[in-house]
Amino acid sequence: MTGQYQVIVAIAVFLITYAIIVSEKIHRTVAALAGAAVVVLTGIIVSEKALHAIDFNTIGLLVGMMIIVGVTRKTGVFEYLAIKAAKASGGEPLKIIAALSLVTAVLSALLDNVTTVLLIVPVTFAIAKQLKINPLPFLFAEIISSNVGGTATLIGDPPNIMIGSATGLGFMDFALTLTPVVVVIYVITIFWLRLLYRGQLAAREEMRTSIMQLDENGQIKDVALLKKSLLVLGLTILGFVLHQYVHLESSVIALSGASLLLLITGEDVEHALQVVEWPVIFFFMGLFVVVGALEEVGVIEMVARWALEATGGDMLPTGMLILWLSAIASAFVDNIPFVATMIPLIQDMGRLGGIADLNLLWWSLSLGACLGGNGTIIGASANVVVVGMAEKRGVRISFIDFLKTAFPLMLMSIVISTGYLLFWHLYGHLTAALATLGIGIVLAVISKPLTAMLLGKAPKEEVQS
């Protein structure tokens, strides 16, 4: 097969694979693996290079964290946290939204957003049932919080895992750079959602009392396992904090943590491996090969040259282009394949343009892809998971209803990210991070009395019977 035909076939396979993933007519794992098989069988990329195209650091990190979370969830600690948060809110629905959103955001930063919503959503339905109110406002807030919180760290969202693995940026790089802007976005988002849903969340006093009677301690099923799980989880997170300083890959930390947990708990290995989302793992592997084929035939380099010409190679316009393109694209297609395509593109842009420091572009890609996933119901894996869980319980979330609520919030988050990255580029990381974090803290402090004042002026809705 000649070079020209290889380029045509590689592009065709990529576009068809992408179209199938977006359409969801065939499972996305099947689509990715089929696309990978085609590019290998047609000789576009030989099997040895196909293996090299797979980012096993990303794969190892995902597998390790899935095992740790899978064992830890058996203790009931996540349900405990959700009920504890609801009780701390005094059974007030609007306060419960804020509390559950905070738990979701923090867990999404420390675990991953898909796992977090799988753990929190069932408890949310139980709380909504106790209050006899519509669970949709809670679900919207948790979806958005999971994607916002997951943006803050290396391990919170798959796009960040992929970016960190490809660039060598560590856990602390992500946390110190992205957490300040995430705090600002989170505070403003929850403030807006509470105002938006203030008329839909009224509950009788006896319903609120029933929430206060829930027993969070009863959710803890195995105290001994909980202690061991939290110990290993803490050590693993400490390992992520230190991994770039001790020169260990994040996958080594995650898999070491998983191995230690299995060793000290005596958990059945077969059962532990069953909790790994193997379809997700093989989806990543197939996708890496399909994108690797594009890189092999030079398509990625061609697009990189075009992008450099369009922006003149100037970092700031290039970063803004990547931020907004990533956000809009990730709202309508899964952000994982998009980021898998963008990573080699940015690397080629750096090589062709002679740019040594690409950090502005990486942070633009991370913020755009992670936050852009909030734009539509199909924008991120966590969104799809929550919608599926809701449908199984008879609650339907339509594409348009989600779009009307979430897309404006997504655009707001990208506008804030634009301002932050401009500040970061002009005044440096430390100044931008400290100033932005300060703004976030101030907003958090004033949002409580401001919300109370605005809610106090809201017309009282008829309480549901």
Side-chain angles (χ1 to χ4, degrees), residues 147-148 151-154 157 159-160 162-164 166-170 172-186 188 300-332 335 338-375 379 407-440:
N147 290 320
V148 172
T151 307
T153 66
L154 168 70
D157 210 354
N160 284 359
M162 298 162 71
I163 292 169
T167 62
L169 291 168
M172 293 308 294
D173 292 319
F174 278 86
L176 293 175
T177 303
L178 300 183
T179 298
V181 68
V182 164
V183 169
V184 173
I185 292 169
Y186 171 80
I188 294 176
I300 299 291
E301 183 175 328
M302 286 189 289
V303 176
R305 289 184 185 278
W306 172 84
L308 282 173
E309 291 173 2
T311 60
D314 192 313
M315 283 292 287
L316 194 55
T318 304
M320 295 303 101
L321 173 65
I322 290 173
L323 173 67
W324 282 91
L325 175 64
S326 301
I328 301 302
S330 296
F332 294 96
N335 54 16
F338 179 81
V339 170
T341 309
M342 288 297 295
I343 286 173
L345 175 62
I346 293 174
Q347 289 172 330
D348 272 4
M349 288 172 68
R351 178 177 59 83
L352 295 169
I355 306 169
D357 185 0
L358 293 171
N359 283 350
L360 176 66
L361 307 188
W362 296 125
W363 301 136
S364 299
L365 177 61
S366 173
L367 288 169
C370 295
L371 297 174
N374 272 329
F407 200 81
L409 288 172
M410 184 275 287
L411 291 178
M412 177 272 295
S413 70
I414 300 303
V415 170
I416 294 172
S417 299
T418 301
Y420 175 70
L421 289 174
L422 286 170
F423 195 20
W424 185 90
H425 181 70
L426 293 174
Y427 297 101
H429 165 248
L430 186 60
T431 302
L434 290 176
T436 305
L437 186 59
I439 292 170

query: Looking only at heavy atoms, which two atoms of N147 and C370 are closest? And how far apart?
result: CB-O, 3.9 Å
query: Do the non-hydrogen side-chain atoms of T153 and N160 ever get within less than 4.5 Å of each other?
result: no
query: In Å and rounded to the nearest 0.5 Å, what is the CD1 to CG distance from I355 to L361?
result: 6.5 Å
field: Gap between atom CG of L176 and atom NE2 of H429 - 0.5 Å precision
entry: 5.5 Å
- prompt: Within a strict 4.5 Å, meaning less than it, do heavy atoms of the V181 and I185 side chains meet?
  reply: yes
- request: Determine, stepwise, if the pair I163 / F174 fulfils side chain to side chain contact (heavy atoms under 4.5 Å, CB included).
  value: CA-CA 10 Å; I163 292 169; F174 278 86; 4.0 Å; yes
field: Pairwise distance CD(E301) to CG(D348) - rounded to 0.5 angstrom
entry: 5.5 Å
task: Can you measure from CE (M162) to OG1 (T167) and round to the nearest 0.5 angstrom?
output: 12.0 Å
Nearest non-hydrogen partners of M410 and A331, listed with the distance: CE-CB, 4.1 Å
message: Testing the basics here: between V183 and G440, what is the closest heavy-atom pair and its distance to 0.1 Å?
response: CG1-CA, 4.0 Å
- prompt: What's the spacing between T151 OG1 and L371 CG if we round to 0.5 Å?
  reply: 4.0 Å
- prompt: Counting distance only, does the side-chain N/O of D314 pair as donor-acceptor with the main-chain N or O of L316 below 3.5 Å?
  reply: yes
- request: Mind checking the CE-CH2 spacing from M342 to W362? Nearest 0.5 Å is all I need.
  value: 8.5 Å
task: Kindly indicate, with the supporting measurements, whether the criterion side chain to side chain contact (heavy atoms under 4.5 Å, CB included) is fulfilled by D173 and W363.
output: CA-CA 10 Å; D173 292 319; W363 301 136; 4.1 Å; yes
- request: Give the C-alpha distance, both sets of side-chain angles, the deciding distance and a yes or no for side chain to side chain contact (heavy atoms under 4.5 Å, CB included) between S366 and L178.
  value: CA-CA 9 Å; S366 173; L178 300 183; 3.4 Å; yes
For the student: nearest non-hydrogen atoms of M315 and L360, plus distance: O-CD2, 3.6 Å
statement: Heavy atoms of S326 and L365 approach each other most closely as OG-CD1, 3.4 Å
message: For a 4.5 angstrom cut-off between non-hydrogen side-chain atoms, does L409 reach M412?
response: yes
- prompt: Which heavy atom in A433 sits nearest to a heavy atom in P180, and how many Å separate them?
  reply: O-CB, 3.5 Å
Could you go through residues 418-426 and list every donor-acceptor pair under 3.5 Å that involves a side-chain atom there, pairing it with any protein atom two or more places apart or in another chain?
unit_1 : atom_1 : unit_2 : atom_2 : d
T418   : OG1    : W324   : NE1    : 3.0
T418   : OG1    : I414   : O      : 2.8
Y420   : OH     : T177   : O      : 2.5

- prompt: Are the side chain of S364 and the backbone N or O of G319 linked by a donor-acceptor pair below 3.5 Å?
  reply: yes
